[in-house]
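The figures that follow rest on heavy atoms only: side chains count, while hydrogens, waters and symmetry mates do not. Residue numbers begin at 1 in each chain, while the letters A, B, ... track the order of the sequences. Quantities reported herein were computed from a predicted structural model and do not represent experimental measurements.
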Amino acid sequence: MEELSRRQSTAGRDFIRQIIDRHREEGRYEEIVTRFPPEPNGYLHIGHAKSICLNFGLAREYGGRCHLRFDDTNPLTEDEEFTSAIQRDIRWLGFDWGPHLYFASDYFERMYQVAEDLIRAGKAYVDSSSEEEIREARGTVTEPGRPTPYRDRSVEENLDLFRRMRAGEFEDGAHVLRAKIDLASPNMIMRDPVFYRIRHAHHYRSGDDWCIYPLYDFAHCLEDAFEGISHSLCTLEFDNNREIYDWILDEAGFQEPRTHQYEFARLNLDYWVLSKRKLIRLVREGHVSGWDDPRLPTLAGLRRRGVPPAAIRLLCDMVGVAKANSTVDLGKLDYAIRETLNPTAPRTMGVLNPLRVVLTDWPRGRTEELEAPFLPDRPGSPTRNLTLAGEVWIEADDFTQDPPPGWKRLSPGGEVRLRHGYVIRCDEVITDPETGRVVELRCSHDRGTLGRNPEDRKIGGTLHWVSARDGVAAEFRLYDRLFRVADPDDVPEEGDFTDHLNPDSLVVTRGWVEPALVQGHPDAPGISGPEDAPWEARVQLERLGYFARDVDFTPEAPVFNRIVGLRDTWAKRVTPKAPEEKTDTSAPIVAVAPRVSDARSAVRDADPELATRFERYQAEMGLSELDADVLTGSRAVSDLFEGALAVHGDAKEVSAWVINEAARFVGEEGEAPAFDGAALGTLVDRVADGTVSRRVAKEVLGEMATSGDDPDAIIEARSLTQQADPEVLIPVVEAVLSEFAEKAAEFRAGNRNLFGLFMGQVMRRSGGKADPALVRELLTERLEGG
RNA sequence: UGGCCCGUCGUCUAAGGGCAAGACACCGGUCUUUGGAACCGGCGAUGGUGGUUCGAAUCCACCCGGGCCAACCA
């Protein structure tokens, strides 16, 4: 649909779509299958919306499917109530899972079988230590963990114990099932994670069938695998969990192509909090009226406020998907709402803070019907009649006794137009003798101005109004940001995010609306009747903003929520945004001397040969300490260097090739690449003797790393010999220059950045084979010479 | 502090060796019976230092900054 069109282009696709594109080219998966896996223990909020839009959107774009799966593995916190609320919210957002509704609890038996398999394979054990003991034995980020006394129980004993755990023979906490992996892993999650715990608790779906329940790390990857998920998307904080995800799936024997996990940044919005824990506090402590309080970022709250689901989808599309933690400007949500509502919301009138206007020259008893279109910019728009009699309400803010420069609204002696009606002039101001407050305006109207402008003068402003004769009293709930500060979590010692609550986040006023907003109107979309679902009734109150009926609305006591105000360039001019004091977070600029890496230094301490080489490279070859450091950080890298050096004797040159180009092909665990040092040395030789350009040599190296072929063979097979013949290159250079004549002119006019463009074009056309120094020379001659 | 992830306009996101692009925000202007909308224009960024390269936001090294992990939560 319209929001998707931007994504159709190849450029600018997010990293997840790029990965999926690649998988599709490889034909790796039969179908793209994603999932949205909420835990039914709370309400969905706008952060979840990003994940929903991503997962369901991907399925839609790639013609795959997206599962809705309740990740209900914790009987203590989960509840039926939430499963229906979550389904309603997703549907409201505009997505559908078809028949693919699943529950993790339905997989308990299969998961249990996997756990037994793991035990039989010696990959899991029953630990009878207490929770505290396990935590204590796990070590810290800097110290390795140590085994508990139960780690080496026999398979038989483990199996027996685990079965009795299931059978309910033990109290909560008596035993747990743990993976047997590596207690010294630098990744804390891999230090024998707990897979099952005993919980004699009633589960809202599986009842009392189970008294052991799997934990997230064990359960989630299996759920994905059971369902044939192809791309399992989660937020950044699960990054560390990917290792256990893969470990379990591999140990459980799931073959490629199987599901894999990818992490993206969760959505954050300033002036809001999005953590479940904090949302619960706001509700429980009564800072808001409930989960659907319109000030909350919950989908229920946004819906009640009147935000259209399309606006939330648009926001998610604008925000994109990436791996960098970020906080989105709340103004983007406002934009998305206005953008969505502007083309469709009927224009109507209401007055928030009324001020009485009496038309002194209006004949007593006369009424006039003024025809007003609901969508004034659209030809053929449906209309309604506004009844004008001798008195109207206008907005108190639209009048001032002493107008500032640029004021276009009413002031003593000034003229304005009543929207869809006449031009009026303020003749007299009635004030309360006690308070001095303006209570009424006496005005006269110009009969010649209905539907046309006076010729002798310009009327600057137009005011919205409601007829005092037949306006309907209404309550307005005006919402503002929930917090006063952009980052409510930024609190001083012993402070709390609730300290930053905005006391003015809800302002209630009583005013008037035109009758159509309460009675309904057959031709106006969104306000067709008093019984309409509240969030279906979204209108613009002209000059004020977009409003929706609240769930509390009744025709007898109409209540409207302000969804968002209109852009207001006047307000900005009058109250310029306070320059928010920004704490300077930029790093102080200090020149730091690069150091030898601690990690590599430790490797050398453990390997005397590397330590010797480290010294030798500096002393005998004249390499810098830093280069020598990198070259001796692992056996694989150092061997590569040694091997290459045996073929090509220039230590500096070889060292640069190893460090900058070849080292990246050494595996994470120090596995040697597909080529050896000698092959690398040969390649460096070919660069030195001018056979190939450096650029081509890098390509060759890449191929060596995948195929393991000999460099000469690759050069031969793909005829990559360097092109240094001017006779050949000149026509190419001239072709580029004439094709990009405009750019060339720009270059001559001073845009030096463009040199790379020409260079790149020539290089591309030569298949990267051209001698760059020569090309540069030829180009320079032609661009600068004549 | 060990490991992992991440640093591009004020904000969000592209470009992944060759013209730093778009959106929001902001600032001007045109138009206007919404100080709205629409239209036109402008401002504005590669965390730092070295290195590799004809050419670096992109590759390498170090530094700085931010985030995540030591639940029998997810």
Let me check something: any side-chain donor-acceptor pairs from residues 330-338 of chain A under 3.5 Å, sequence neighbours excluded? List them with distances.
residue, atom, partner, partner atom, Å
Y335(A), OH, E339(A), OE1, 3.4
R338(A), NE, G565(A), O, 2.8
R338(A), NH2, G565(A), O, 3.1

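- Considering only side-chain N and O atoms, Q261(A) lies nowhere under 4.0 angstrom from the phosphate OP1 or OP2 of C5(B).
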Expected output check: what is the dot-bracket annotation of RNA chain B, where ( ) and [ ] are pairs inside the strand (brackets for crossing ones), | is paired with another strand, and pairs are Watson-Crick or G-U under 3.5 Å? .((((((..((((....[..)))).(((((.......)))))....(((((..]....))))))))))).....

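- For the C1' atoms, the distance linking G42(B) with C60(B) amounts to 40 Å, nearest Å.
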Are any protein N/O atoms closer than 3.5 Å to N/O atoms in nucleotides 67-72 of chain B? If there are, list each pair with its distance.
residue, atom, partner, partner atom, Å
G67(B), O2', N325(A), ND2, 3.2
C68(B), O2', E237(A), O, 3.4
C68(B), O2, N240(A), ND2, 3.2
C69(B), O4', N240(A), ND2, 3.2
C72(B), OP1, R138(A), NH2, 3.3
C72(B), OP2, R138(A), NH2, 2.9
C72(B), N4, S129(A), O, 3.3
C72(B), N4, E131(A), N, 2.9

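- Residue-level contact check: T77(A) touches neither bases nor backbone, having no heavy atom under 4.0 Å from any strand.
- U8(B) and C4(B) have their C1' atoms separated by 23 Å, given to the nearest Å.
- Here the CZ-CZ distance, from F755(A) to F747(A), works out to 6.0 Å after rounding to the nearest 0.5 Å.
- Glycosidic conformation of A71(B) is syn; the angle stays within 90° of 0.
- For the residue pair H175(A)/D127(A), the side-chain donor-acceptor check at 3.5 Å is not satisfied.
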Check against side-chain hydrogen bond (donor to acceptor under 3.5 Å, both in side chains), N187(A) and N240(A): CA-CA 7 Å; N187(A) 182 354; N240(A) 294 309; 4.9 Å; no

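- In this structure, the side chains of F238(A) and T235(A) come closer than 4.5 Å at one or more pairs of heavy atoms.
- In terms of phosphate contacts, S326(A) brings a side-chain nitrogen or oxygen within less than 4.0 Å of OP1 or OP2 of U13(B).
- A donor and an acceptor atom, one from each side chain of Q261(A) and S232(A), are nowhere located under 3.5 Å apart.
- Counted by atom type alone, Q18(A) and R22(A) present zero donor-acceptor pairs between their side chains at under 3.5 Å.
- Between Y125(A) and D192(A), the side chains place a donor N or O and an acceptor N or O closer than 3.5 Å (distance only, hydrogens not considered).
- Taking side-chain N and O atoms only, T73(A) has a distance below 4.0 Å to OP1 or OP2 of A74(B).
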As a quick check of understanding, evaluate ring-ring contact (aromatic ring centres under 6.0 Å, His included) for F70(A) and F82(A), giving each step before the final call. CA-CA 10 Å; F70(A) 288 100; F82(A) 297 113; over 10 Å; no

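- Using cut-offs of 30° and 60° for the angle between ring planes, the H48(A) and F36(A) rings count as perpendicular.
- At whole-Å resolution of the value, CG in D598(A) and C1' in C63(B) are 13 Å apart.
- Within the model, atoms CG of D172(A) and CZ of R197(A) stand 10.0 Å from one another, a figure rounded to the nearest 0.5 Å.
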For the pair Y216(A) and Y245(A), evaluate ring-ring contact (aromatic ring centres under 6.0 Å, His included) and give the outcome as yes or no after the intermediate values. CA-CA 10 Å; Y216(A) 171 86; Y245(A) 187 102; 8.6 Å; no

Tabulate protein N/O versus nucleotide N/O from nucleotides 19-21 of chain B, keeping only pairs under 3.5 Å, one per line.
residue, atom, partner, partner atom, Å
C19(B), O2, K743(A), NZ, 2.5
C19(B), N3, K743(A), NZ, 3.1
A20(B), OP1, N753(A), ND2, 3.0

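- Side-chain atoms of K332(A) and base atoms of U11(B) include a donor and an acceptor less than 3.5 Å apart.
- In this structure, K572(A) reaches the C26(B) phosphate: one of its side-chain N or O atoms is under 4.0 Å from OP1 or OP2.
- Evaluation of the side-chain hydrogen bond (donor to acceptor under 3.5 Å, both in side chains) test over residues 771-780 of chain A, restricted to residues two or more places apart or in two chains, returns none.
- The phosphate of C24(B) has OP1 or OP2 within less than 4.0 Å of a side-chain N or O from Y335(A).
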Could you write nucleotides 33-43 of chain B as a row of B, S and -, 5' to 3', where a protein heavy atom under 4.0 Å of any base atom gives B, of only sugar-phosphate atoms gives S, and otherwise -? BBBBS------

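- Interatomic distance, Q723(A) CD to S766(A) OG, rounded to the nearest 0.5 Å: 8.0 Å.
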